[in-house]
Amino acid sequence: MLDRSKTDARLPWTAQYPRDVPVELDSSVPLSMPDLLRQAAQNFGSSAALSLGEQRWTYAEMQSLVARAARGLQQAGVGQGDRVAVMMPNHPAVPIWFFGALSIGAALVSINSLFAAVQIENMLSDSGARILLTLDSPDTIAKATPFLEKGLLDRIVTASVGAGELAPATGPALDPSARVLPFEALLNNDGRYDKPSLNPTETLAVLQYTGGTTGAPKGAMLTHANLTTNARQTRMWFPFLEDGSERLLIPLPYSHITGITVCMTFAVLLAAELMVVPRFAPDEALALLRQRRPTFFGGVPTIFIALLMTNTMTPDDWKSVKAILCGGAPLPPDVLGKFESVSGERVRQIYGSTELSPAATIMPANSDEPRGSVGLPLPGTTIEIRDTEEPGKRLPDGDSGEIVVAGPQVMKGYWNRKGETDRSMVDGFFRTGDIGYLDAKGYLFIVDRLKDMIIAGGYNIYPANVEAAIYSHPSVAEAIVIGVPDSYRGETVKAFVVLRGDATLTLEDLQAHLKDRLSPIEMPRQLEIRSQLPKTVVGKLSRLELRREIRDGA
């Protein structure tokens with residue numbers, strides 16, 4: 001470690017940075033997304049950019065496809081400042097569409113194909129996106145067609161499952177009057193598009209909807225600089241990665257902000273091969289680890305739990321992997337320990353949110369780092385803990401309060417929601433809505449979501465803390481804790497659990513196991529065993545869906 005004792009006292013975490021990690025961002029002008037791809041293609045044109053099964057596309061080929069997508073979008077009437085939507089599972093066409101739209105100054109609206117029709121309608125209506133890329137399958141076409149009929153969309157573009165259209169320009173020409181057309185028709189051109197002037201710090205790149213779990217979805221406005229800088233902040237943490245030589249296996253949806261930045265943008269910054277995984281299946285992921293030998297892996301807690309549950313994972317599966325990231329939610333310490341024991345690799349927690357593009361902190365993989373932390377602020381990022389009742393009041397180290405973040409990755413604001421934007425900021429910091437604390441060294445610990453807190457008998461109980469304790473039971477595979485109505489305490493703690501294999505568990509057994517791990521106030525008073533628990537579209541266990549289910553009496 002470098003002696004960084006003279007670093008700013010307000011930024012104590014920089015003293016914990018590994019030797020080769022800069023404590024600050026350099027002063028270079030942020031790149032636009034098209035320039036990021038252009039740089040990769042110029043320096044590593046023959047290197048693999050995308051792969052799907054046995055198919056490969058080099059960076060030179062990717063740049064050509066992106067140019068053709070840009071030209072096709074302009075021919076279809078899309079211009080600078082417009083929004084284009086994508087509703088696809090992971091597919092090589094998604095990054096082509098993404099970079100193509102951004103190359104002409106349009107912004108992307110990502111829609112998870114698992115969303116309900118009413119959610120999709122709200123996003124299209126709010127964003128004003130008039131053209132949509134989707135998969136050429138009966139289910140997705142049936143989901144998208146009503147939006148044409150309602151006048152929310154002017155055109156639907158369809159990509160094939162096998163990605164055969166990502167080939168030299170052949171096939172049907174673009175029919176300007178067609179309302180549904182194949183992606184190959186949009187790509188059938190010479191790639192000579194009109195290049196607008198892009199200001200990376202001002203030009204909108206992504207309109208990413210968030211907040212659907214706590215209210216009406218809001219479109220977080222993320223600029224080119226938000227994305228490229230956040231990818232660069234993450235890249236600085238891995239000086240041992242080699243540009244043009246890495247292979248990324250991150251089986252998360254590209255419709256999520258993590259997929260946009262940590263998969264698509266980070267891969268292009270590295271000029272790495274992005275291994276496209278249409279859907280996560282633990283056995284298939286292990287097969288890719290063994291056959292294709294990726295050098296970088298990432299996931300959310302449920303992915304790590306699912307890999308452990310295969311009972312076939314060995315340290316040899318991870319020999320090629322230089323780094324492993326876990327985001328979305330803190331990995332319960334017992335699960336973290338089990339995974340690292342079986343894989344032989346250290347897992348780095350990463351923390352952030354959609355509004356932060358998404359990364360704010362990362363674990364440094366120091367030998368003395370505290371287990372349970374989500375890491376240190378990234379270079380150029382400042383984190384403070386504020387009083388939940390007085391957000392202008394900064395709290396001392398060790399005190400729990402609302403986590404607020406400032407840095408170049410913070411969004412411009414919410415689309416057409418000035419009031420929401422103003423409420424989300426305080427003194428130039430973004431209010432995350434998460435409860436946490438910083439220790440004396442600057443490590444961040446997440447306590448819980450502010451809105452997930454259980455109040456029982458006047459005491460604050462954080463479900464994440466209870467869940468972490470429950471995961472220490474050897475029979476538990478997955479767990480969610482929520483507050484349920486209680487006539488005496490107001491709320492009481494209820495645990496929903498999925499068990500491993502043929503294991504059994506009673507409430508009394510669980511309480512006995514937790515006796516030395518939780519206070520009597522935190523102890524679950526109710527237990528329900530289930531075969532599965534609800535998850536969000538990105539694969540995180542969802543307390544919200546469980547609360548809705550209980551509320552609706554399902």
Side-chain angles (χ1 to χ4, degrees), residues 69 72-91 93-102 104-159 176-183 186 203-223 253-257 259-260 264 354-355 411-418 420-421 536-538:
L73 284 166
Q74 286 181 333
Q75 289 176 329
V78 178
Q80 188 167 11
D82 289 340
R83 277 78 60 204
V84 304
V86 58
M87 186 179 73
M88 292 267 290
N90 287 2
H91 186 287
V94 177
I96 303 302
W97 181 261
F98 176 41
F99 278 92
L102 270 57
I104 60 172
L108 188 80
V109 178
S110 285
I111 301 172
N112 193 295
S113 55
L114 299 178
F115 281 164
V118 65
Q119 292 175 287
I120 299 169
E121 183 170 335
N122 287 340
M123 292 178 184
L124 291 175
S125 177
D126 187 68
S127 68
R130 307 295 301 177
I131 186 170
L132 170 76
L133 175 70
T134 193
L135 198 63
D136 184 12
S137 71
D139 289 344
T140 52
I141 295 297
K143 184 175 279 190
T145 301
F147 305 126
L148 275 179
E149 297 167 350
K150 292 180 179 181
L152 287 171
L153 289 173
D154 295 330
R155 199 186 306 265
I156 293 174
V157 179
T158 61
S177 65
R179 304 196 72 198
V180 179
L181 70 151
F183 194 27
L186 189 125
T203 303
L204 186 62
V206 172
L207 197 55
Q208 189 70 11
Y209 280 83
T210 183
T213 57
T214 56
K218 308 179 291 289
M221 297 186 291
L222 303 176
T223 67
Y254 300 162
S255 56
H256 189 268
I257 184 57
I260 290 172
M264 294 192 290
T354 298
E355 294 89 345
M411 67 171 182
K412 286 185 70 174
Y414 294 115
W415 179 256
N416 292 333
R417 284 177 170 80
K418 185 180 185 304
E420 293 271 13
T421 299
T536 67
V537 293
V538 77

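Along the sequence shown, residues are numbered consecutively beginning with 1.
Proximity of a side-chain donor or acceptor of Asn90 to a complementary backbone N or O of Tyr254 within less than 3.5 Å is detected. Under the 3.5 Å distance criterion, the side-chain polar atoms of Thr354 are left unmatched by any main-chain donor or acceptor of Thr210. Using a distance-only test at 3.5 Å, with no hydrogens or angles considered, no donor-acceptor pair links the side chain of Lys412 to the main chain of Leu204. Between the side chain of Ser125 and the main chain of Glu121, no donor-acceptor pair closer than 3.5 Å is present. Side-chain atoms of Gln208 come within 3.5 Å of backbone atoms of Ser255 as a donor-acceptor pair (strictly under, hydrogens ignored). Side-chain atoms of Arg83 come within 3.5 Å of backbone atoms of Gly81 as a donor-acceptor pair (strictly under, hydrogens ignored).
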Pair Tyr209-Ser127, side chain to side chain contact (heavy atoms under 4.5 Å, CB included): steps then yes or no
CA-CA 9 Å; Tyr209 280 83; Ser127 68; 3.4 Å; yes
Verify side chain to side chain contact (heavy atoms under 4.5 Å, CB included) between Leu153 and Ile131, making sure each step is shown before the conclusion.
CA-CA 6 Å; Leu153 289 173; Ile131 186 170; 5.8 Å; no
Steps toward side chain to side chain contact (heavy atoms under 4.5 Å, CB included) verdict (Ile260, Ser110):
CA-CA 9 Å; Ile260 290 172; Ser110 285; 3.6 Å; yes
Trp97 and Leu186: side chain to side chain contact (heavy atoms under 4.5 Å, CB included), yes or no, with the steps?
CA-CA 10 Å; Trp97 181 261; Leu186 189 125; 4.3 Å; yes
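For the pair Val180 and Leu148, the tightest heavy-atom approach, listed with the atom from each and the gap, is CG2-CD1, 3.7 Å. Looking at every heavy atom in both residues, Gln74 comes nearest to Ile104 through NE2-CG2, 3.4 Å. In terms of heavy-atom proximity, Gly77 sits nearest to Asp82 at O-OD2, 3.9 Å. The heavy-atom pair separating Ile111 from Met123 by the smallest distance is CG1-SD, 4.1 Å. Contact between Ala117 and Phe147 at its shortest, heavy atoms only, is O-CZ, 3.7 Å. When all heavy atoms of Thr223 and Ala205 are compared, the closest pair comes out as C-CB, 3.7 Å.
Atom CG of Leu207 sits about 9.0 Å away from atom CG of Leu108, to the nearest 0.5 Å. Remark: Ile120 CD1 to Met87 CE distance equals 5.0 Å, nearest 0.5 Å. Separating the CG atom in Leu73 from the CG atom in Leu133 is a distance of 9.0 Å, to the nearest 0.5 Å.
In this structure, Met264 and Val94 have side chains that are in contact, with non-hydrogen atoms separated by less than 4.5 Å. The side-chain heavy atoms of Glu355 and Tyr414, taken from C-beta on, include a pair separated by under 4.5 Å. The closest side-chain heavy-atom distance from Thr134 to Ser113 is not below 4.5 Å.
Judged as a salt bridge (charged side-chain N to carboxylate O under 4.0 Å, His left out), and not counting sequence neighbours, Asp136 has no contacts. For Arg130, the side-chain hydrogen bond (donor to acceptor under 3.5 Å, both in side chains) partners two or more places apart in sequence, or in a different chain, are Asp154.
Under the 4.0 Å criterion applied to side-chain N and carboxylate O atoms, Arg417 and Asp126 are assigned as salt-bridge partners.
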